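All remarks here apply to the structure that follows.
Labels below follow one simple rule: chain letters A, B, ... track the order of the sequence lines, proteins then strands, and each chain is numbered from 1. Note that the coordinates shown come from a computational prediction; the quantities given were computed from them, not determined experimentally.
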Protein chains: 2
Amino acid sequence: MTAPRSTRSSRNRRAEHTADTRRALVRAARTLFAERGYTATGTEDIVAAAQVTRGALYHHFKDKADLFRAVMGECAQDMAERLVEQETARAESESGDAWTLLRHGFQSFLDACNDPDFQRIVLVEGPAVLGHSAWDALVEEHGYVLLAEELARAIDEGSISPMPIGPLTRMLAALISEASLYIARAEDHETARKEAGEVLERLLTGLSRTGA
Amino acid sequence: MTAPRSTRSSRNRRAEHTADTRRALVRAARTLFAERGYTATGTEDIVAAAQVTRGALYHHFKDKADLFRAVMGECAQDMAERLVEQETARAESESGDAWTLLRHGFQSFLDACNDPDFQRIVLVEGPAVLGHSAWDALVEEHGYVLLAEELARAIDEGSISPMPIGPLTRMLAALISEASLYIARAEDHETARKEAGEVLERLLTGLSRTGA
DNA sequence: CCTGTTCCATACAGACTGTATGTTAGAAGA
DNA sequence: TCTTCTAACATACAGTCTGTATGGAACAGG
């Protein structure tokens with residue numbers, strides 16, 4: 001079951017090394033894709049930043065789009081983790097009713113989306129680079145599940161009226177995404193954040209069962 | 001003031017011919033961009049479909065992205081015209097209150113967005129190809145104005161509560177865009193249309209001043 | 001010690017974009 | 001009418017980028 005110490009250590013070192021180069025590639029690609037976009041970033045730029053050669057890139061990834069998929073997956077993963085973290089923290093501290101909890105959740109979701117990497121890579125480049133089916137699969141895997149189950153719970157608890165979860169999830173995510181992009185590109189982020197939050201609040205009241 | 005007949009006719013023929021080649025390029029590019037996307041479509045493919053050479057393309061347009069801008073402008077223009085048409089028709093036939101008129105307007109907006117060219121070129125490829133500022137300028141010019149002034153009117157008339165127009169317009173447009181994409185990619189378009197419409201209705205009720 | 005595999009570097013071929021140059025048809029003036 | 005000039009293309013070329021094929025070095029296993 002256990003290999004000799006030296007062998008295992010060596011194995012680990014080797015495996016760790018290859019994992020390192022892979023991480024370096026993803027990290028470099030993430031920075032460059034977020035800065036200049038997908039097509040404006042050459043594979044040569046990426047491997048230069050990662051301090052490897054193109055051979056390493058095409059050893060670890062099928063092609064450039066495959067590398068992008070890994071990068072976008074990482075972005076989505078980071079976002080999902082951040083959201084879970086925030087949500088648990090909120091669930092502990094606040095103890096309002098389910099409805100206000102949900103509303104506050106959306107507001108902090110909006111704040112979390114205010115991240116340049118996420119916006120550029122996941123929201124802007126993603127759909128065009130991967131095509132809608134692959135993009136959707138990635139988002140389904142990482143991001144939507146959270147939102148969807150939270151909405152399902154809200155419906156079960158009766159805080160919002162029964163509605164088809166699928167389109168509701170997609171449309172709310174798009175709503176918040178667009179709001180975050182609006183805030184990011186506004187000259188005055190402060191007021192933009194306030195206004196977008198207000199509009200979001202108003203729209204969400206339409207979902208409430210009580211109507212308030 | 002008026003040039004000689006022969007000269008003018010000749011001029012017109014010539015001008016018309018050059019306009020023809022330009023239109024042919026835009027038309028061919030529009031079809032191919034909508035089918036295969038921007039990067040997957042080579043300039044050679046475009047000029048072959050338009051039955052000209054690459055020289056003509058680079059005579060009329062600065063580069064490939066410039067051609068795309070023209071294509072997307074045409075798509076947005078078509079959409080805007082369709083919306084105006086529908087709206088005037090609805091204003092004549094129906095004569096409900098401003099609130100129901102607005103709601104119906106959004107539903108038909110949703111139906112109008114169900115167009116493959118529009119979805120792929122304007123909603124998916126546009127932001128990635130042109131970058132967000134140029135994309136926003138185009139949409140601002142063609143599409144948002146309509147929606148924005150209709151919303152402003154609704155606020156003036158008191159059918160929806162006062163709200164910042166800027167983010168409201170963007171977010172509602174994004175909402176409808178996402179809904180149209182959701183419908184387009186669903187297996188069962190019928191039920192998807194119904195469900196998305198229902199969610200849209202619920203969200204819109206949040207805007208209503210009366211809350212109904 | 002020998003062999004096979006993993007991991008990566010280098011070299012190469014194909015495609016694509018943009019530009020520079022050539023060419024033709026029509027407009028304009030004398 | 002003749003010349004000239006310019007718009008509207010066509011063609012040829014150069015640079016860049018992606019993906020692949022080849023080669024080698026390190027390491028694990030027998």
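Rounding to whole angstrom units, CG of residue Asp45(B) and P of dA15(C) are separated by 12 Å. Remark: P of dC9(D) and CZ of Arg23(B) are 12 Å apart, rounded to the nearest angstrom. Phe61(B) places its CZ atom 15 Å from the P atom of dT17(C), with the value rounded to the nearest Å. Note: CZ (Phe68(A)) to P (dG19(D)) measures 14 Å, nearest angstrom. Between the NZ atom of Lys64(B) and the P atom of dG18(C) there is a distance of 8 Å, rounded to whole Å. With rounding to whole Å, Arg54(B) atom CZ is found 8 Å from dG18(C) atom P. Nucleotide dT11(D) holds its P atom 15 Å from the CG atom of Leu57(B), rounded to whole Å. When the C1' atom of dC13(D) is taken as reference, atom OH of Tyr58(B) falls 14 Å away, rounded to whole Å.
Counting non-hydrogen atoms under 4.0 angstrom, Thr41(B) reaches the backbone sugars and phosphates but no base.
Partners of His132(A) under the side chain to side chain contact (heavy atoms under 4.5 Å, CB included) rule, at least two apart in sequence or in another chain, are Arg185(B).
Here Thr41(A) contributes atom OG1 and Glu125(A) contributes atom CD; the two are 8.0 Å apart, rounded to the nearest 0.5 Å.
The side chain of Thr43(A) places an N or O atom within less than 4.0 Å of a non-bridging phosphate oxygen (OP1 or OP2) of dT18(D). Checking the phosphate oxygens (OP1, OP2) of dC9(D), a side-chain nitrogen or oxygen of Thr21(B) falls inside 4.0 Å. For dC7(C), one of the phosphate oxygens OP1 or OP2 lies less than 4.0 angstrom from a side-chain nitrogen or oxygen of His59(A). The side chain of His60(A) places an N or O atom within less than 4.0 Å of a non-bridging phosphate oxygen (OP1 or OP2) of dC8(C).
Where Tyr38(A) and Thr53(B) meet DNA chain D, the nucleotide closest to each residue was compared, and Thr53(B) sits on the side nearer the 5' end.
Listed candidates were dA10(D), dA11(C), dT17(C). Nearest to the side chain of Val52(B) is dA10(D). Among dG19(D), dC8(C), dC9(D), the nucleotide with an atom closest to any side-chain atom of His17(A) is dC8(C).
The pair Lys194(B)-Asp188(B) fails the salt-bridge criterion, with no side-chain N (NZ, NE, NH1 or NH2) lying under 4.0 Å from an Asp/Glu carboxylate O.
Remark: the Arg193(A) side chain and the Gln107(A) side chain contain an N/O donor-acceptor pair separated by less than 3.5 Å.
Closest approach of Glu178(A) to Tyr144(B), counting heavy atoms only: OE2-OH, 4.5 Å.
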